[in-house]
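Here's the structure we're looking at; comments come further down.
In this text the structure is predicted, and so the values were computed from the model without any measurement. So you know, we letter chains A, B, ... as the sequences are listed, proteins then strands, and number each from 1.
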Amino acid sequence: MNPSFQELGLSEERVQQLETLGFTEPTNIQAQAIPHLLSGRDVVGQSQTGTGKTAAFSLPILERLDVNHRAVQALVLAPTRELAIQVHDAVSTFIGNSGLRTAAIYGGQSIDRQIMQLRRGVHIVVGTPGRVIDLLERGSLKLDYVRWFVLDEADEMLSMGFIDDVEKILSQAPTERQTALFSATMPPSIRQLVNNYLNDPVTVTVQQPKAAPNKINQVAYVVPRNWSKARALQPILEMEDPESALIFVRTRRTAAELTSQLQSAGHSVDEYHGDLSQQARERLLGRFRNRQVRWVVATDIAARGLDVDQLSHVINFDLPDSVETYVHRIGRTGRAGKEGTAITLVQPFERRKQQIFERHVRQAWQVLPIPTRAQIEARYIQKLQEQVREALTGERLASFLPIVRELSEEYDAHAIAAAALQLAYDQTRPAWLQTEADATEEELLSPTPKPKLRGGGGSPRREYSGERRGGRSWDNGEGGRGEGGRGEGGRSVKPKLKGGSSSPRRESAASGKKIGSVSAAQESASS
DNA sequence: AAAAAAT
């Protein structure tokens with residue numbers, strides 16, 4: 001049990017205001033970081049996504065800011081525009097009616113509006129490096145009175161692509177300031193840089209509490225030799241039937257190409273990457289969050305921090321570049337204590353890289369062959385059965401009984417039920433569920449090639465069994481954990497039916513507001 | 001080598 005916000009040193013007023021927002025109990029990272037920040041220390045904060053990092057640094061800043069001095073006193077930098085927007089929105093919710101003013105400063109948007117905002121005077125700026133530098137050079141943004149400097153996704157901000165910009169910005173801020181770095185990951189190479197920017201920092205590391213393990217099932221689908229990944233993806237999507245998914249690819253071009261392929265197959269999917277206009281980017285995210293689009297094919301622009309509620313699947317169509325990126329990508333799912341599935345397509349030559357990732361997250365992935373047509377059929381039948389069981393307990397059943405009574409004068413009850421099932425099966429079949437025309441039956445039934453010359457166990461379902469190494473603390477959140485609930489039993493091939501399938505009707509769980517932890521508003525806060 | 005970030 002963490003101390004209350006009040007015990008952490010926040011004012012009565014702020015605590016009251018947090019309560020009206022529904023935040024009554026600090027998360028671990030908040031409990032650890034807030035007192036240090038209030039006392040003026042520099043802080044390096046690491047905790048998994050979805051743990052309230054934004055609140056951890058915003059609350060102390062809000063507490064100590066001088067409202068009567070209308071100058072930029074805090075600067076927060078983030079690696080993508082959308083992240084800057086999210087953090088800005090989160091900070092805004094914590095402000096209440098204190099009279100504090102904030103601005104989001106990022107590219108792809110009218111610079112004049114931002115200049116106007118700055119001219120009117122703001123206390124907190126949240127932004128991306130490019131536009132911040134632009135406004136510094138135009139003289140519209142002044143950092144002379146900055147007392148807090150925060151890097152969100154700090155390891156990314158201190159990496160090659162950003163470090164020069166960050167240094168340029170820092171050179172204009174007073175050296176007498178408080179600096180905080182937050183991220184879920186911190187590779188050793190970046191860790192070494194920290195003391196260049198921070199003054200005697202406190203490092204605050206929060207492991208995931210045992211009681212609330214991160215529920216991400218991690219799965220590798222092995223792409224058979226000579227299969228394209230696009231070909232392998234189709235049966236995987238049919239089998240998993242993701243309610244909502246982020247599909248990660250390495251390049252913008254692949255994002256565009258894969259998106260058209262999936263769209264022509266009839267899927268509800270769109271692309272998201274840096275080639276799009278800012279307007280298109282934000283519009284897409286809106287449609288994704290409202291569930292108007294089920295799946296999004298994205299570059300690593302979406303890997304970090306992006307907050308989409310209830311994302312059921314993350315699919316790595318291309319392996320990520322680094323273990324850190326892997327951690328951030330899969331962190332888009334399994335949020336707010338919900339279950340999530342992270343799928344990675346692994347080509348035979350990538351198995352070594354796969355093992356490195358597995359070791360890093362200290363969790364073995366479930367390794368599966370590409371689902372066969374028969375397995376996909378069986379899965380749909382299974383879902384149909386579940387729906388029938390559910391319907392049998394429903395209230396509306398009674399209204400259909402007279403029809404059954406009438407039919408049963410002529411037919412056997414089993415036959416009537418079977419006919420009704422057949423109709424349900426045919427009518428709920430998704431338009432895109434099709435057999436692969438170019439694959440032979442034999443290929444479909446055993447898509448994983450059996451090793452010919454190489455000796456050893458050729459079982460298509462191999463589980464990672466490497467030793468688990470301890471010792472890494474910074475760059476990964478969690479120790480090992482048991483297998484997710486994805487036993488192979490659920491995938492056994494039983495009946496083979498021709499025809500379509502039933503599409504699952506999943507209940508949309510209401511998102512409860514978990515105190516101090518992830519809820520829509522605050523998680524933006526966090527990662 | 002690619003992605004992100006200013007136009």
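- One can place CG of Leu83(A) at 13 Å from P of dA4(B), the figure rounded to the nearest angstrom.
- When the C1' atom of dA3(B) is taken as reference, atom OH of Tyr272(A) falls 12 Å away, rounded to whole Å.
- Of the listed nucleotides (dA1(B), dA3(B), dA5(B)), dA5(B) has the atom at the smallest distance from the side chain of Glu82(A).
- What separates CD1 of Ile85(A) from P of dA4(B) is a distance of 15 Å, to the nearest Å.
- Atom OH in Tyr106(A) sits roughly 10 Å away from atom P in dA6(B) (whole-Å rounding).
- Remark: P of dA5(B) and CD of Gln278(A) are 7 Å apart, rounded to the nearest angstrom.
- Residues Thr179(A) and Arg177(A) have side chains that bring a donor and an acceptor to within less than 3.5 angstrom of each other.
- By the 4.5 Å heavy-atom criterion applied to side chains, Leu198(A) and Leu181(A) are counted as neighbours.
- The nearest whole Å value for the distance from the CZ atom in Arg252(A) to the C1' atom in dA5(B) is 10 Å.
- Arg281(A) comes within contact range of the sugar-phosphate backbone alone, with a heavy-atom separation under 4.0 Å but no base atom that close.
- Checked against dA1(B), dA4(B), dA6(B), the side chain of Thr80(A) finds its nearest nucleotide in dA4(B).
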Should Glu82(A) and Gln278(A) be marked as a side-chain hydrogen bond (donor to acceptor under 3.5 Å, both in side chains) after you check the CA-CA gap, both sets of side-chain angles, and the distance that decides it?
CA-CA 9 Å; Glu82(A) 285 73 12; Gln278(A) 188 55 29; 3.3 Å; yes

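- Note: CG (Leu276(A)) to C1' (dA4(B)) measures 13 Å, nearest angstrom.
- A donor-acceptor pair shorter than 3.5 Å cannot be found between the side chains of Glu358(A) and Trp365(A).
- Which of dA6(B), dA4(B), dA2(B) sits closest to the side chain of Asp321(A) comes down to dA2(B).
- Among the nucleotides dA2(B), dA5(B), dA4(B), the one closest to any side-chain atom of Thr299(A) is dA4(B).
- Taking side-chain N and O atoms only, Arg253(A) has no distance below 4.0 Å to OP1 or OP2 of dA2(B).
- In this structure, Gly107(A) reaches the sugar-phosphate backbone alone: every heavy-atom distance under 4.0 Å involves primed, P, OP1 or OP2 atoms, never a base.
- Protein atom CZ of Arg329(A) is 12 Å distant from nucleotide atom P of dA4(B), rounded to whole Å.
- Each of Asp152(A), Asp155(A), Thr80(A) was evaluated against Arg304(A); a single residue qualifies, Asp155(A), per the side-chain hydrogen bond (donor to acceptor under 3.5 Å, both in side chains) test.
- The shortest distance between the side-chain N/O atoms of Thr128(A) and the OP1/OP2 oxygens of dA6(B) is below 4.0 Å.
- Taking side-chain N and O atoms only, Arg304(A) has no distance below 4.0 Å to OP1 or OP2 of dA3(B).
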